[in-house]
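Scope of the values below: all heavy atoms of this structure, side chains included, with no hydrogens, waters or symmetry mates. All residue numbers refer to positions in the sequence shown, counting from 1. The model shown is predicted, which means the values in this text are computed figures rather than measured ones.
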Amino acid sequence: GINAVVVVFDDGAYGNVRRMQRRLYGNRIIASDLRNPAFVGLAESFGMAARQVADPDDLADALAEALARDEPALLTAKVGEMPDPWPYIHLPRVRG
């Protein structure tokens with residue numbers, strides 16, 4: 001009964017791990033590529049509304065539609081390599 005909306009940004013890899021392997025280990029990449037399930041089919045098999053989106057405009061429309069529903073929904077979007085989040089997560093100490 002919760003109308004939660006899940007958005008999966010599918011880069012086909014453990015993107016943070018792959019980025020660290022490139023940067024810290026001279027591009028020696030191991031065990032970071034994934035073969036993901038068909039997320040839309042998987043969600044639908046559990047009775048959940050689901051949709052694959054193709055671009056940012058499609059995502060905005062799909063998100064508005066999903067939020068308007070009175071049920072859970074899953075949106076999935078294929079993406080390329082994502083930027084490094086760690087500089088924004090590990091912020092410098094403000095005081096102390």
Side-chain angles (χ1 to χ4, degrees):
I2 298 174
N3 62 338
V5 177
V6 176
V7 181
V8 174
F9 294 100
D10 179 7
D11 67 355
Y14 289 118
N16 283 325
V17 171
R18 182 189 290 164
R19 185 182 320 96
M20 290 172 67
Q21 288 174 347
R22 276 198 188 113
R23 190 180 47 142
L24 300 174
Y25 302 103
N27 205 33
R28 291 189 316 258
I29 297 171
I30 185 170
S32 61
D33 291 324
L34 297 175
R35 292 193 58 201
N36 288 323
F39 290 113
V40 170
L42 185 60
E44 289 174 343
S45 75
F46 285 95
M48 187 176 190
R51 181 173 160 189
Q52 171 95 31
V53 297
D55 59 52
D57 292 332
D58 193 21
L59 178 59
D61 294 341
L63 187 55
E65 289 173 17
L67 290 170
R69 299 174 81 100
D70 194 27
E71 61 184 1
L74 178 130
L75 305 174
T76 181
K78 298 277 186 192
V79 296
E81 188 172 327
M82 302 293 280
D84 186 356
W86 299 113
Y88 306 102
I89 295 171
H90 293 164
L91 297 174
R93 293 179 75 171
V94 175
R95 53 185 149 163

Measuring from [X]:[atom1] to [Y]:[atom2], what's the distance to the nearest 0.5 Å?
X   : Y   : atom1 : atom2 : value
I2  : D70 : CD1   : CG    : 11.5 Å
D33 : Y14 : CG    : OH    : 11.0 Å
N16 : D11 : CG    : CG    : 8.5 Å

Quick check: closest heavy atoms across [X] and [Y], and the distance to 0.1 Å?
X   : Y   : result
A49 : E71 : CB-OE2, 3.8 Å
P85 : R19 : CD-NH1, 3.8 Å
D10 : K78 : OD2-NZ, 3.0 Å
S32 : R18 : OG-CB, 3.6 Å
R28 : Q21 : O-CB, 3.6 Å

Just checking L24: does its CG atom have more than 12 heavy atoms from other residues, nucleotides or ligands closer to it than 6.0 angstrom? yes
Answer with yes or no whether the hydrophobic clustering places [X] together with [Y]; edges join I, L, V, M, F, W, Y residues whose side-chain heavy atoms lie under 4.5 Å apart.
X   : Y   : answer
V6  : V53 : no
L34 : F39 : no
L42 : V8  : no
F9  : V5  : yes

Sequence neighbours left out, cut at 3.5 Å: what donor-acceptor pairs do the side chains of residues 57-64 make with other protein atoms?
{"unit_1": "D58", "atom_1": "OD1", "unit_2": "R51", "atom_2": "NH2", "d": "2.4"}
{"unit_1": "D58", "atom_1": "OD2", "unit_2": "A54", "atom_2": "N", "d": "3.0"}

One pair to check against side chain to side chain contact (heavy atoms under 4.5 Å, CB included): M20 and V17. What are the steps and the verdict? CA-CA 5 Å; M20 290 172 67; V17 171; 5.9 Å; no
Could you walk me through whether R22 and I29 satisfy the side chain to side chain contact (heavy atoms under 4.5 Å, CB included) test, starting with their C-alpha distance in whole Å, then the side-chain angles of each, then the deciding distance to 0.1 Å, before giving a yes or no? CA-CA 7 Å; R22 276 198 188 113; I29 297 171; 3.9 Å; yes
